[in-house]
Amino acid sequence: MPVAPDLPEKYYLDNFNLVLNHVAQLYADIINEDERTFYDDFIGLSESAQCLYVRLLSRRGDWFRRDKLAYAEIPDITAAAVELQSQRFLEIYDLQSGGLPQEDDWQNLFTRQELATAIQTSTAQKVPASLRKQELLTRFEENSEQLVAGLPDTEIYCVYGEQELDTFRLLFFGNLYQDFTEFVLRDLGIYRYESYDLNAASRWCHQRSDLEAHRLYYALREEAGDLKDLSKESLCRIADSLPASEESTLRRRRHRFLVDIGRQIERLGYSDEALTIYERSMRHPARERRLRILVAQGQQEDADELAFAMAKAPVNEEEHQFLLSFVPRKMKHNHELCQRLAERVSAPLEDVMTMPAETRLSLGVERAVAAAFESEHPGDRLVYCENLLIPGMFGLIFWSAIYAEVPGAFFHPFQIRPSDLYEADFVTLRQKEFDVCWQALESADTLLERALETYQKKQGIANPFVHWAVLTEDLIRLSVERIPVGVWQGVFRFLLQDLRQHKAGLPDLIRFPTSEGFELLEVKGPGDTLQKNQRVWFAEFERLGIPARVIRVKDDPTALGGAGLTGAEQGEESPED
DNA sequence: GTTTGCACCG
DNA sequence: TTCACACGTTCTG
DNA sequence: GAACGTGTGTCTCGGTGCAAACTA
Ligand SMILES: [Mn+2]
Ligand SMILES: [Mn+2]
């Protein structure tokens, strides 16, 4: 990790200018007159006015107190503010002599203590010390005109231009959750991103309507919050006003949002409305929810039709697994379909381990099981890695394909992943690069070589599959030594079938017995069961002949409070099937 | 007084 | 812009 | 056991200082 370099004095202005210039140039045909004026006016400001504006914009909220602002690199803040006001980048209010702002939210600039003093001096009322600031604020706002006299004498600023800035940020990053701190953290060496080539034509947005659609989406998302306290009508209205844009990110988000909205409408008890919402989403579990509702409503014909469609072309492995368990239980009448889904995969191997509850709770159930194995079988090595080993190795081996420079995949320097990583045609668009990566799977030697090479070369660079702190060189060597190449091929192929769904659900532990082999162990505490994506992987393990078991932990009632971590393993095979 | 949360900075 | 997982409760066969 | 809702650690950094809320 390189030593943090010093940044230039006005690093933030450099970054801001870079974003503005980039967007104004690359998206010249997308930005509107208002945004163009914003850009031109900003460029025309003096440097210290620019600095102040960027400083304020990068802080929370619109309101600022003059007496709290101090920046070494801006000697005359007042002059800068006056200049900014002349170009309508902000508004200056002098509370004691000028008029008050129209909107009530500037009052929050003052501390609880200051508000209390103002109320007491102006009205001679005692303010109870127990009042919270929020209550004090509402009391103040009822009578701001009069109470303002008791506040500290300072100008306050209201900063404008957030809308315009959002447009620039959105066009630059393709989202509204990244901001200028990305630059700083990268330049300090805290974040490291792969350095793909950003050729000048990299645009994610091709028409103004895409931009508007994104902004509408973000606005609706904000209005919806976590959906908890919205009525059915509000939920339906939000679903109906979602932008229909087919821009890929937005389509993905819309389909996902529709599932969430449908779920909430279901909870409120409106199955029919939920059905129509789900019908508009292609994302799992939209069809699962529809089938559940149809069956619950007894709409046999529709249910049969939908179930056939799902069985014919499951949208993903999880939907397939759902059908396998749901149809035989709830749609017994449909013999044809039950027949078709009869590909019985036997239940996962299960073993039971007993240990004192205290051990389980203090170490965490996964570590407790790992420790029990290691003491029971000295020489065993157990690693608690969940999704970090197999997807991590995947990230290393296929690094160059993941970051292949496909048009549109990269459009700014702070992407952890290509924008289309989870799209269905991700692999197809990079077939050549993937073929090259597959060559490393020829033998254990080539696999290890490629893994270690990437491990060293890309150390610390952000990757959606690789977590550098957990994936040690030691673990890579051991796992390549123990896990046959054919197994690696199998799991990578399965991952590539559906990166989004399959990147999770891998078992808690991997066990390397003393001398040879490996085994995957999913630990389940009392009352826990396999999750959907874990079932999906277990089914795949069986198809691939990969050794995997579930370890069910039970509390040992005889060993109360005992400090010993001696877990007894029982080789008890589940009698299922 | 002390604790806690969080905005800000680089 | 989260996510992935575990855990607790309720219902049902 | 299935299904559902909710809690918990990842919250991508580490350091600083202020203000609010709590404790007596
Ligand atoms: Mn786990
Ligand atoms: Mn587990």
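A note on names: the letters A, B, ... follow the listed sequences, proteins ahead of strands, and every chain is numbered from 1.
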Option among A/Asp179, A/Ile190, A/Leu7 that satisfies the side chain to side chain contact (heavy atoms under 4.5 Å, CB included) test with A/Val184 = A/Leu7
Testing A/Tyr403, A/Tyr196, A/Phe173 for side chain to side chain contact (heavy atoms under 4.5 Å, CB included) with A/Gln415, which one passes?
->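 Passing option: A/Tyr196.
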Hey, what's the ring geometry for A/Trp204 with A/Phe411, parallel, tilted or perpendicular (30° and 60° as the breaks)?
-> tilted
Sugar-phosphate atoms are those with a prime plus P, OP1 and OP2; base atoms are the rest. Using that split, label each nucleotide of nucleotides 6-13 of chain C B, S or - for protein heavy atoms under 4.0 Å, 5' to 3'.
-> BS------
Using the [atom1] atoms only, state how far [M] lies from [N], rounded to an integer number of Å.
| N | M | atom1 | result |
| --- | --- | --- | --- |
| D/dT12 | C/dA4 | P | 16 Å |
| D/dC11 | B/dG5 | C1' | 15 Å |
| B/dC9 | D/dG7 | C1' | 33 Å |
| D/dT8 | C/dT1 | P | 25 Å |
| D/dC4 | C/dT12 | C1' | 14 Å |

Can you tell me if [X] touches the phosphate of [N], counting only side-chain N or O atoms and a distance under 4.0 Å to OP1 or OP2?
| X | N | value |
| --- | --- | --- |
| A/Arg292 | D/dA2 | no |
| A/Arg252 | C/dT1 | no |
| A/Asn533 | C/dC5 | yes |

Contact class for [X] vs. all strands (heavy atom < 4.0 Å): base, sugar-phosphate, or nothing?
| X | value |
| --- | --- |
| A/Tyr11 | base |
| A/Arg256 | sugar-phosphate |
| A/Leu185 | base |
| A/Lys68 | sugar-phosphate |
| A/Arg289 | sugar-phosphate |
| A/Leu530 | nothing |
| A/Tyr71 | sugar-phosphate |

Note: chain A reaches DNA chain B at heavy-atom distances under 4.0 Å over the stretch, first to last nt, 5' to 3', of B/dA7 to B/dG10
Interatomic distance, [X] [atom1] vs [N] [atom2] [rounded to whole Å]:
| X | N | atom1 | atom2 | result |
| --- | --- | --- | --- | --- |
| A/Phe465 | C/dC3 | CZ | P | 14 Å |
| A/Arg500 | C/dT2 | CZ | P | 12 Å |
| A/Leu176 | C/dT1 | CG | P | 11 Å |
| A/Trp468 | D/dT10 | CH2 | C1' | 19 Å |
| A/Tyr217 | C/dT1 | OH | P | 5 Å |
| A/Leu506 | C/dA4 | CG | P | 12 Å |
| A/Phe326 | D/dA3 | CZ | C1' | 11 Å |
| A/Lys532 | C/dA4 | NZ | P | 14 Å |

Less than 6.0 Å separating the ring centroids of A/Phe180 and A/Phe16?
-> yes
When the ring centroid of A/Tyr157 is compared with that of A/Phe64, is the distance short of 6.0 Å?
-> no
Distance only, no hydrogens: is a donor on one side chain within 3.5 Å (strictly under) of an acceptor on the other, for [X] and [Y]?
| X | Y | result |
| --- | --- | --- |
| A/Tyr218 | A/Arg253 | yes |
| A/Arg254 | A/Ser245 | no |
| A/Asn463 | A/Trp399 | no |
| A/Gln264 | A/Tyr270 | no |
| A/Gln297 | A/Asp272 | yes |
| A/Glu247 | A/Thr249 | yes |

Within 45° cone of A/Tyr422 ring axis and under 6.0 Å: A/Arg252 NZ or CZ =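 No - A/Arg252 does not lie over the ring of A/Tyr422 by the 6.0 Å and 45° rule.
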Are A/Arg186 and A/Phe414 in a cation-pi contact, defined as NZ or CZ under 6.0 Å from the six-membered ring centre and within 45° of the axis?
->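 Ring-cation test returns no.
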Is there a side-chain contact between A/Glu423 and A/Arg251, using heavy atoms and a 4.5 Å cut-off?
->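 When only atoms from C-beta onward are counted, A/Arg251 and A/Glu423 do touch, with a gap below 4.5 Å.
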Output yes if the stacking criterion (under 5.5 Å between centres, under 30° between planes) is met for A/Tyr191 over the base of D/dC13, else no.
->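 According to the criterion (under 5.5 Å, under 30°), no, A/Tyr191 does not stack.
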Under 3.5 Å, N/O pairs linking protein and nucleotides 20-24 of chain D:
residue: D/dA20; atom: OP1; partner: A/Arg112; partner atom: N; Å: 3.2
residue: D/dA20; atom: OP1; partner: A/Lys133; partner atom: NZ; Å: 2.8
residue: D/dA20; atom: OP2; partner: A/Arg112; partner atom: N; Å: 3.2
residue: D/dA21; atom: OP2; partner: A/Lys133; partner atom: N; Å: 3.3

Hey, which sits more toward the 5' end of DNA chain D by its nearest nucleotide, A/Lys228 or A/Tyr193?
-> A/Lys228
D/dT10 - base-pair partner by Watson-Crick or wobble geometry, distances under 3.5 Å | none
